[in-house]
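Input: a single structure, listed below in structure tokens.
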Amino acid sequence: MEGVFALRVMYAAAVLGAGAVGALTLFAPQMATRYVFFSAATVDPFLRILGAVWLSLGLVATMGILKPTDFVSVLLIQIVYKSAWLTIVAYPAIFRGNRDVGLLFFAGLFTVWVIALWFVVPFAEIFAAA
């Protein structure tokens, strides 16, 4: 039962984080570039694609709150894309000396999120069903 509660907490955080930031990026991109991306992004259709994806993850995560194990793929997607971004983009830039506040903020946030997900996602159940 503890595992289900932890999953629900992660889904709720995804609703608040990805859902809210996605909605802001999609519907108020100028505000998002200023307050979320620390003025490091420009408003263009590609930024708004990111908003649509994050909003989608947040919306589907609401279903995960109700049925945690049925929607664990939402959390797996977050592990994969955040790990890929950290490994391919963020950590190399940081190791090269980039100390941009937005980069450091998202790298820290995504690192904590990925580590938390590794503890919460029921990998044994996922792979047992395969």
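The figures here come from the full heavy-atom set of this structure, side chains too, leaving out hydrogens, waters and symmetry mates.
Hydrophobic clustering, with ILVMFWY side chains joined whenever heavy atoms are under 4.5 angstrom apart, groups Phe71 together with Phe127. One hydrophobic cluster, built from ILVMFWY side chains closer than 4.5 Å, holds both Val53 and Ile88. At a threshold of 4.5 Å between side-chain heavy atoms, the hydrophobic network of Ile, Leu, Val, Met, Phe, Trp and Tyr places Val89 and Leu47 in one connected group. No path of Ile, Leu, Val, Met, Phe, Trp and Tyr side chains, each step under 4.5 Å between heavy atoms, connects Val80 with Phe123, placing them in separate hydrophobic clusters.
In this structure the side chain of Thr62 never reaches within 4.5 angstrom of the side chain of Tyr11, judged on heavy atoms.
Under the rule for a side-chain contact (heavy atoms from CB on, under 4.5 Å), the partners of Ser83 that lie at least two apart in sequence or sit in another chain are Ile79, Val114. Every residue meeting the side-chain contact (heavy atoms from CB on, under 4.5 Å) condition with Pro92, not counting sequence neighbours, appears here in chain and number order: Arg96. For Phe110, the ring-ring contact (aromatic ring centres under 6.0 Å, His included) criterion is met by Trp85, Phe106, not counting sequence neighbours. Residues passing the salt bridge (Lys or Arg N to Asp or Glu O under 4.0 Å) test with Asp70, sequence neighbours excluded: Lys67. Residues satisfying the side-chain contact (heavy atoms from CB on, under 4.5 Å) test with Ser73, not counting sequence neighbours, are none. A search for side-chain contact (heavy atoms from CB on, under 4.5 Å) contacts involving Phe95 returns Tyr91, not counting sequence neighbours.
Here the shortest heavy-atom pairing between Val120 and Met10 reads CG1-CG, 3.8 Å. Closest of all the heavy-atom pairs between Val121 and Leu76 is CG1-CD2, 3.8 Å.
Separation of atoms CG (Leu103) and CD1 (Ile94) is listed at 4.5 Å; rounding is to 0.5 Å. The CG atom of Leu75 lies 5.5 Å from the CG atom of Leu117; values are rounded to the nearest 0.5 Å. Rounding to the nearest 0.5 Å places OG1 of Thr111 at 4.5 Å from CG of Leu86.
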Would you tabulate the side-chain donor-acceptor contacts of residues 12-23 under 3.5 Å, counting partners in other chains and residues two or more places apart, or write 'none'?
none

Can you list, pair by pair, the side-chain donor-acceptor contacts under 3.5 Å of residues 30-40, counting residues two or more places apart and other chains?
residue : atom : partner : partner atom : Å
Thr33   : OG1  : Pro29   : O            : 3.4
Thr33   : OG1  : Gln30   : O            : 2.8

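Pairs engaging residues 45-54 under the side-chain hydrogen bond (donor to acceptor under 3.5 Å, both in side chains) rule: Trp54-Tyr81 [sequence neighbours left out].
Phe119 forms part of a hydrophobic cluster together with Ile115, judged by ILVMFWY side-chain heavy-atom separations under 4.5 Å. Leu59 belongs to a hydrophobic cluster whose other members, connected by ILVMFWY side-chain contacts under 4.5 Å either directly or through intermediates, are Leu26, Phe27, Leu55.
When each of Val60, Leu66, Ile65 is tested with Met63 by the rule side chain to side chain contact (heavy atoms under 4.5 Å, CB included), just one qualifies, namely Val60.
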